[in-house]
Amino acid sequence: MAEVAAPPDRPLNHRRVLKIALPIVLSNATVPILGAVDTGVVGQMGAAAPIGAVGIGAVVLSAIYWIFGFLRMGTTGLAAQALGRGEGAEVAALLSRALLIAFAAGAGIILLQAPIFALSFTLAPASAEVETLARDYLAIRVWSAPAAIAIYGLTGWLIAQERTSAVLVLQLWMNGVNIALDLWFVLGLGWGVSGVATATFLAEWSGLALGLWLCRDAFRNTAWRDRARVFDAARLRHMAAVNTDILIRSVLLQSIIISFLFWGASFGDVPLAANQVLLQFLNITAFALDGFAFAAEALVGQAMGARAALRLRRAAILPSIQGGVVSLGLAAGFAIFGPAIIDTMTTAPEVRAAARDFLPWMVATPLFGLIPWMLDGIFIGATRSRDMRNMMVLSAAIYFAAAVPLTAAFGNHGLWAAMLVSYVARGATLAARYPALERAAA
C-alpha cells in the first residue's frame, strides 16, 4: 500500500520557504486578470446591464463560496500535522473527508438556489434588466458549486504538502480555460452573459478534474476509500470543530471589513470612493503576504504533527522574516508610487485628493498587518482554531469599541485608525497565545 508522503526531512531554510510562498504569490496575481476579462468581454456588448449582471452574479456566488473557505484552511492544518506524524493513511483520508464536505455543500447550494438568490436580490436590489440577466448567470454557474468548493479542499491538501507549484498550475489552468472560453462564447458565439457563466462553469469542473489528478498520490493509498477511517467519529468531530471555529473567526473578520465599508459610506460619496481606491492597496498586500502565511501553515503544521517545538519556532520565524521584508517593500512602494497608482484608478479630482489625504494609513497597513497575517497562518497550521476564534472575538470587540469614538472625533481618518487598531489587537492577542503552541509541540 503506497503512502501519500513521508514527513519532509529537508532543511528548514529560507529557500524552502520561498519555494512554498512564491507560487502562491504568482497564483494570487492571476486572480484580478480573470475579473478584468469577464468585465471586458461583456463590456463589448455595448450596454451597462450585462456588466452589472456579471458583477452582481459573481459577488453573490463569491460571498456564498467564501463561507466554505474554512475547508481550505482546516484541510491544510490537519493534513500538514498528519504528514508531520508520518500518517500517510490519514493524509489520504483527510482528502476524502474534504471532498465529501465540499460535494455535500455544493449539492445543498444547488437545492436551495431559489431562496438563496431571492434573498441576495432583496439585500442588493438591481434594475429589472440587470436582475434578469444576473439570474441567467447564476442559474448556470450554480451547477459548478460542488467543484468550486471542492477546489478549496484540494488546494489546502496540496499546500499542506508544500506542493504550491501544483496550486499555481491549477489556478493558471482554470483562469486560462475561463478566459479562452469567455472570448469564444461571448465574442465569437455571441452568448453574452450566459457565455461568461458557461465559461466559468466549465473552467471550475475542469479545474476539479485537474486538481484530482494533481492529488492522485492520495488515491494510491487505499485509506482514501476506507469507510471506517474516513467516517471515524472522533476524527470527524475534530475536523468539524476546527472548521467551525475557523468559520466563526472568518465571519467576525468579515464583519470588521463590512462595517468599515458601511462606516465609510456615512461620510459621503468622496470618502467612500477614496476608501474603495485604497482598499485595492489592501488587496495587493493580502495577495503578497498570503504566500508566506501559507508557508507558515504547512511548515508549522508539519512541526506540530512531529511534536518538534524548535522546528515549529523556526517554521514560524522564517516565513515571518520574509513576509516582513515584503511588507517593508510594500510600504515603501505605496509611499513612493501611491499617488500615481491612485491617479490610474480614478480621474475624479476630488477622489484623488481625498485618497492622497488618507494614503498614509495605507502605507502603514502592511507594517501593522504583518504580525496578524503571519500569526493567522501559524495558528491555522497548528489547528489552534479555538484560540483563533476567541482572539478574534476579543479583537472585533476592541475594533468596534475603538471605531465609535475615533470616527466620531476624526471622521474617515478615525475609521482608518480603527482598522489599524484591529490589526494590533489581532496580532497582540494571538501573540499572547503563541507560547502555548510551543508547549503543545514540546
Side-chain angles (χ1 to χ4, degrees), residues 14-41 54-55 58-59 61-62 65-66 69 72-73 76 148 151-152 154-156 158-159 162-183 196 199-200 203-204 206-207 210-211 214 257 276-298 319-320 322-338 340-345 362-363 365-367 369-370 373-374 376-377:
H14 283 294
R15 181 175 181 179
R16 183 171 168 186
V17 172
L18 281 174
K19 189 175 180 180
I20 301 171
L22 287 181
I24 296 298
V25 175
L26 294 174
S27 176
N28 286 344
T30 69
V31 174
I33 297 173
L34 178 58
V37 172
D38 279 349
T39 301
V41 292
V54 169
V59 166
L61 285 178
S62 294
Y65 295 161
W66 171 86
R72 201 286 302 161
M73 293 180 275
T76 298
I151 288 169
Y152 285 142
L154 294 174
T155 299
L158 289 168
I159 290 171
E162 306 180 37
R163 294 179 57 194
T164 51
S165 294
V167 175
L168 175 59
V169 168
L170 180 58
Q171 189 69 51
L172 290 174
W173 169 264
M174 288 196 299
N175 288 350
V177 168
N178 206 334
I179 289 170
L181 294 179
D182 267 347
L183 297 174
V196 175
T200 306
E204 287 175 335
S206 70
L210 176 60
L214 291 170
I257 297 170
Q276 291 287 357
V277 169
L278 293 176
L279 284 174
Q280 306 314 306
F281 290 69
L282 184 60
N283 290 336
I284 293 170
T285 302
F287 286 159
L289 292 182
D290 267 356
F292 302 98
F294 286 9
E297 289 179 28
S320 299
Q322 295 186 5
V325 172
V326 171
S327 293
L328 288 171
L330 288 170
F334 293 162
I336 297 169
F337 302 109
I341 297 172
I342 290 168
D343 288 349
T344 64
M345 292 185 177
M362 199 60 252
V363 172
T365 296
L367 305 178
L370 171 67
W373 251 302
M374 295 308 305
D376 276 348

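Predicted, not measured: the structure shown is a model, and the values here were computed from it. For this chain, numbers begin at 1 and follow the sequence in order.
Annotation for V363 and L367: closest pair O-CG, 4.3 Å, computed over non-hydrogen atoms. Nearest approach of P366 to A331, heavy atoms of both residues: CG-N, 4.2 Å. Shortest non-hydrogen contact noted between L330 and A288 is CD1-CB, 4.0 Å. Across M174 and G207, no two heavy atoms sit closer than the pair CG-CA, 3.6 Å. For the residue pair M362 and T285, the shortest heavy atom distance occurs at CE-OG1, 4.5 Å. Here the closest non-hydrogen pair linking A199 and D182 is CB-OD1, 3.4 Å.
For the atom pair CD1 of I341 and CD1 of I336, the computed distance is 10.5 Å after rounding to the nearest 0.5 Å. Rounded to the nearest 0.5 Å, atoms CE (M73) and CZ (F294) are 8.5 Å apart. Rounded to the nearest 0.5 Å, atoms CD (E297) and CE (M374) are 9.0 Å apart. Of the inter-residue distances, the one linking I20 atom CD1 with F292 atom CZ reads 11.0 Å to the nearest 0.5 angstrom. Summarising the geometry, atom CZ belonging to F287 is positioned 9.5 Å from atom OG belonging to S27; distances are rounded to the nearest 0.5 Å. L61 contributes atom CG, which lies 9.5 Å from atom OG1 of T200 (distance to the nearest 0.5 angstrom).
Under the side-chain contact (heavy atoms from CB on, under 4.5 Å) test applied with W173, the options L168, L210, N178 reduce to a single match, L210.
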Exercise for the section: Determine, step by step, whether T164 and I159 satisfy the side chain to side chain contact (heavy atoms under 4.5 Å, CB included) criterion, reporting the C-alpha distance in whole Å, the side-chain angles of both residues, the deciding distance to 0.1 Å, and the verdict. Expected result: CA-CA 6 Å; T164 51; I159 290 171; 4.2 Å; yes
Discussion item. Go through it in stages, so that I can follow the logic: the residues are V25 and D290, the test is side chain to side chain contact (heavy atoms under 4.5 Å, CB included), and I'd like the CA-CA distance, side-chain angles, deciding distance and then a yes or no.
Written reply: CA-CA 7 Å; V25 175; D290 267 356; over 6 Å; no
Check your understanding: Can L154 and L214 be said to form a side chain to side chain contact (heavy atoms under 4.5 Å, CB included), step by step?
Key -> CA-CA 9 Å; L154 294 174; L214 291 170; over 6 Å; no
Next item on the list: Check the pair F281, T365 against side chain to side chain contact (heavy atoms under 4.5 Å, CB included), reporting the backbone distance first and the verdict last.
Entry: CA-CA 9 Å; F281 290 69; T365 296; over 6 Å; no
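Looking only at distances, a side-chain donor or acceptor of Q322 sits under 3.5 Å from a matching main-chain atom of H14. Between the side chain of T155 and the backbone N or O of I151, at least one donor-acceptor pair lies under 3.5 Å.
At a threshold of 4.5 Å between non-hydrogen side-chain atoms, the residues I342 and L278 count as touching. Side chains of V167 and P23 form no contact here, defined as non-hydrogen atoms less than 4.5 Å apart.
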